[in-house]
Amino acid sequence: VRACAGPQLRAAMMEGLDDGPDFLSEEDRGLKAINVDLQSDAALQVDISDALSERDKVKFTVHTKSSLPNFKQNEFSVVRQHEEFIWLHDSFVENEDYAGYIIPPAPPRPDFDASREKLQKLGEGEGSMTKEEFTKMKQELEAEYLAIFKKTVAMHEVFLCRVAAHPILRKDLNFHVFLEYNQDLSVRGKNKKEKLEDFFKNMVKSADGVIVSGVKDVDDFFEHERTFLLEYHNRVKDASAKSDRMTRSHKSAADDYNRIGSSLYALGTQDSTDICKFFLKVSELFDKTRKIEARVSADEDLKLSDLLKYYLRESQAAKDLLYRRSRSLVDYENANKALDKARAKNKDVLQAETSQQLCCQKFEKISESAKQELIDFKTRRVAAFRKNLVELAELELKHAKGNLQLLQNCLAVLNGDT
Amino acid sequence: MAAEREPPPLGDGRPTDFEEQEDGEDLFTSTVSTLESSPSSPEPTSLLTEDVSTNSNGPKPAEVVLDDDREDLFAEATEEVSLDSPEREPILSSEPSPAVTPVTPTTLIAPRIESKSMSAPVIFDRSREEIEEEANGDVFDIEIGVSDPEKVGDGMNAYMAYRVTTKTSLSMFSKSEFSVKRRFSDFLGLHSKLASKYLHVGYIVPPAPEKSIVGMTKVKVGKEDSSSTEFVEKRRAALERYLQRTVKHPTLLQDPDLRQFLESSELPRAVNTQALSGAGILRMVNKAADAVNKMTIKMNESDAWFEEKQQQFENLDQQLRKLHASVEALVCHRKELSANTAAFAKSAAMLGNSEDHTALSRALSQLAEVEEKIDQLHQEQAFADFYMFSELLSDYIRLIAAVKGVFDHRMKCWQKWEDAQITLLKKRETEAKMMLANKPDKIQQAKNEIREWEAKVQQGERDFEQISKTIRKEVGRFEKERVKDFKTVIIKYLESLVQTQQQLIKYWEAFLPEAKAIA
């Protein structure tokens, strides 16, 4: 399946939906709004202008506009794949200089498996349903595929925008290479050995995390943040999962409306009594109301589920920051102890002093930037929730009113006839 | 209606003047048979009037009979006046083939007025008119409610008793409002009686709700969970719909068993309705035998109407089943949605608690409240999905099975007639043989047997005509009811959807300012 983001995507979407432009622009706004403070900065603007979905990978066209002297041109594009985004993210995480920042969470891997499976099953079952049903279901599945595609594009774009908006990260060399180098970055996915290393690193980190978090912080701010983030992260995780399940049930119910509409249509065309007109009208109603219900489900997914999922990842990144700070605090305290010991033994004192000073500097640097980062995180989070909850409520109202109108019109016709 | 149906060809090539014979015969056979409570619906008109006027004072067992007959007469008169070729007026005679004089439709209406002035069964007269009106217009002055399920007894002998309340202004009932207590097997017993009386002559008797051993066992055992309350409610609603459909049928409403069911405080227990009783097993065996027989009957359908209708009902059956499956899926998903929304609401509340920004925290709690209310909404909608839409469809799927059964009975009736004709033919051959062989005593015997089978052939033909006629009428009535039923219920269902949307709008409108208040 070939689906494109950008202008082509917009065109495709408009064909498939009744009020295409509306749907698209809201969604675009919705996803970017997850990070509200991404002011358009003339110095560096990044977006994903196009995307191609091939057999088992997605190719994103990353488009950059910049007035910075670092780049050879003012405007240019490169093609990147998901693995390259992950490479970039990991390079930030592993960079000691960035220990004091919340690293923008990596975009999730594009996953079309479920959708592809459904399309395949539909193809196999083509013989067992009427032509109308088949066309309807095919359109539905294609719309679903398109929606997932758009989402993955948006997730990748948000990551780049967050990096571009960060005062420090935007200057990163790897980032510039990522944006500009028009050859393949050759960052093959991690092989088994590296994946195993990662796994152990994570294990050690979480064990560490437990140990380190046991250390009570003298700083009230960080102590509060730690308690808050631990609980918040867990609850966002739970809410995100439940929201997912809710939107999926909603979608199943909307799909049932589709089948009911088809059955009513069949009844209407075959009935010998005067009820056939009635059935046809009700069938039409179900078809229309299904579209609205599907939209409700999609909007809930976007405004609620995606919002929660994003903040699940961001809160994890914030936790990671706190962990790094705690680590550096432990290092600092250990350096202090070593210095005391050295002084006592009067051996390698200078070395111990330098080491201690470095640790102190590192810790203070991290603490300072971490404080700002966490404050920004809160501001971003509140703004994003506000925007999305308001938009969610507005969309729910819009759809409920639309549904109501449909139903009342239909009832007026039906009651007038009988 | 369609043109007169042609009877299947007779071997002996007798003139086709069956219409002349059937009515008179029917009067008498029905006179006899209704005493054993199995009426057919005759069409004599002024004949009956005459009969009644001569009998108005004398107590006659036939009075009861006439009541039923007359009801049918008038019901037919008002419904079919403009349809079929004019009804024939038979002359009272004990011979199987009386002469007939045609009766014009106007004559049909006249007797009604006359009968009004008769002193004899006045009660029956009035109720007959009421039934006519009801059969014509849609004014049905009888309302049945099934309510207050109550568990009686303990353990495996326990059962649910339901209160059956009747509200009516029909004069055939002694009171205008009354109620009795009935248990499920009573309903099955009623249906069984009605079915045995009316199904084989072509009436579409509404089927009773299905038994459910699992469901009932849970209730008996005393499981007080939501699934057993749901089961009881489902059954109560089904019983109510069953009775309402049954009383809507003009012929069934007249049935004394139905009246006894609605009115009398004590009802003999219907033991033969138990699934595993002797009668139950016999029923199953008979059903199987019937199925086999149906396959082997090759009927020469001379009336395209019946073939067409059967095909239509077959299609309708398929479509309804498909629709029903989709609606059941909707009910299931809606219940799921309700559960998931409730879970999300709780989760959102927790999230709100841990959020340290005050305004956002409050907004999240409000969101949780909204979602909780919406969960309730989904639950109510799922109820409506089920009780209005899904149950309507499953009721009609079973009703259509009853319709198909009636068509099958017609086939069996035809088979009986056909068999009689074949036997008659054989008897004639025997007679011819005896004449050739010149055996006078055997000839007399043969002649007697021929007369006997001639009568049977005529009866068979009459029965077949009768059942065909009844089915046509019944199908017409059924289709009208079906259209009305579907329209009413689906409109009600759509109104439930309207209500849900209106509530949703209220909830989200209340939430929006809260979300905007996040600062």
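Heavy-atom basis, side chains included; hydrogens, waters and symmetry copies ignored. A note on names: the letters A, B, ... follow the listed sequences, proteins ahead of strands, and every chain is numbered from 1.
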Contact origin within A:Leu411 toward chain B - heavy atom pairs under 4.5 Å: side chain
Heavy-atom check, side chain of B:Thr500 versus side chain of A:Asn403, under 4.5 Å: no
B:Ser326 and A:Asp256: side chain donor to acceptor below 3.5 Å: no
Rounded distance [0.5 Å steps], NE2 in A:His399 versus CH2 in B:Trp508: 11.5 Å
Contact check, side chains of A:Phe278 and B:Val483, non-hydrogen atoms, under 4.5 Å: no
B:Gln318 portion near chain A, given a 4.5 angstrom heavy-atom threshold: neither
Between A:Ile275, A:Asp274, A:Asp238, A:Ile260, the one whose heavy-atom pairs under 4.5 Å with chain B are most numerous: A:Ile260
Short side-chain to backbone donor-acceptor contact, A:Arg235 and B:Met350, under 3.5 Å: yes
Aromatic ring pairing A:Phe286/B:Phe389, orientation class (parallel under 30°, perpendicular over 60°, tilted between): tilted
Under-4.0 Å salt bridge between A:Arg381 and B:Asp356: yes
Largest heavy-atom contact set with chain A, pairs under 4.5 Å, which of B:Val331, B:Leu330, B:Ile490, B:Thr341: B:Leu330
Taking every non-hydrogen atom, the tightest pair across A:Phe228 and B:Ser354: CE1-O, 3.1 Å
4.5 Å side-chain heavy-atom contact, B:Asn340 and A:Lys242: no
A:Asn415 CG to B:Ile491 CD1 distance, which is reported to the nearest 0.5 Å: 4.0 Å
Value rounded to 0.5 Å, distance of CZ in B:Phe486 from CG in A:Leu267: 7.0 Å
B:Ile518 side chain reached by A:Val390 side chain, heavy atoms, under 4.5 Å: no
Contacting region of B:Phe511 [heavy-atom separation from chain A under 4.5 Å]: side chain
Salt bridge flag under 4.0 Å for residues A:Lys401 and B:Glu509: yes
A:Tyr311 side, atom OH; B:Glu355 side, atom CD - distance, nearest 0.5 Å: 10.5 Å
Proximity breakdown for A:Val382 and chain B, heavy-atom pairs closer than 4.5 Å: both
Most chain A-contacting option - heavy-atom pairs closer than 4.5 Å, from B:Val327, B:Val370, B:Leu504, B:Ile505: B:Ile505
Portion of B:Phe313 that has a non-hydrogen atom of chain A nearer than 4.5 angstrom: neither
B:Gln312 atom CD, neighbour heavy-atom count above 12 within 6.0 Å: yes
Over all atoms of both residues, closest heavy-atom pair of B:Gln501 and A:Ala400: OE1-CA, 3.3 Å
Choice from B:Glu336, B:Lys322, B:His357 maximising heavy atom contacts with chain A below 4.5 Å: B:His357
Over 12 foreign heavy atoms within 6.0 Å of CZ, B:Phe383: no
Pick from B:Leu320, B:Asn353, B:Leu497 with the largest number of heavy-atom pairs that fall under 4.5 Å of chain A: B:Leu497
B:Lys234 atom NZ, neighbour heavy-atom count above 12 within 6.0 Å: no
Close side-chain approach of B:Leu351 to A:Leu308, heavy-atom, < 4.5 Å: yes
Pick from A:Ser240, A:Ser243, A:Ala254 with the largest number of heavy-atom pairs that fall under 4.5 Å of chain B: A:Ser243
Chain A contact via B:Leu360 - which portion, at a heavy-atom distance below 4.5 Å: side chain
B:Lys346, NZ: over 12 other non-hydrogen atoms inside 6.0 angstrom: no
Close side-chain approach of B:Leu323 and A:Phe279, heavy atoms under 4.5 Å: no
Contact check, side chains of B:Gln502 and A:Gln408, non-hydrogen atoms, under 4.5 Å: yes
Segment of B:Glu308 engaging chain A (4.5 angstrom heavy-atom cut-off): neither
Inter-residue atom distance A:Lys237.NZ - B:Ser347.OG, 0.5 Å rounding: 12.5 Å
A:Arg386 vs B:Lys516 side-chain heavy atoms within contact, under 4.5 Å: yes
More than 12 heavy atoms of other groups within 6.0 Å of A:Lys309 NZ: yes
Shortest non-hydrogen contact from A:His250 toward B:Leu337: N-CD1, 3.8 Å
Between B:Glu479, B:Arg482, B:Glu495, the one whose heavy-atom pairs under 4.5 Å with chain A are most numerous: B:Arg482
Interface residue of largest heavy-atom contact number with chain B, from A:Arg259, A:Glu231, A:Lys378, under 4.5 Å: A:Lys378
Within 6.0 Å of CZ in B:Phe407, more than 12 heavy atoms from elsewhere: yes
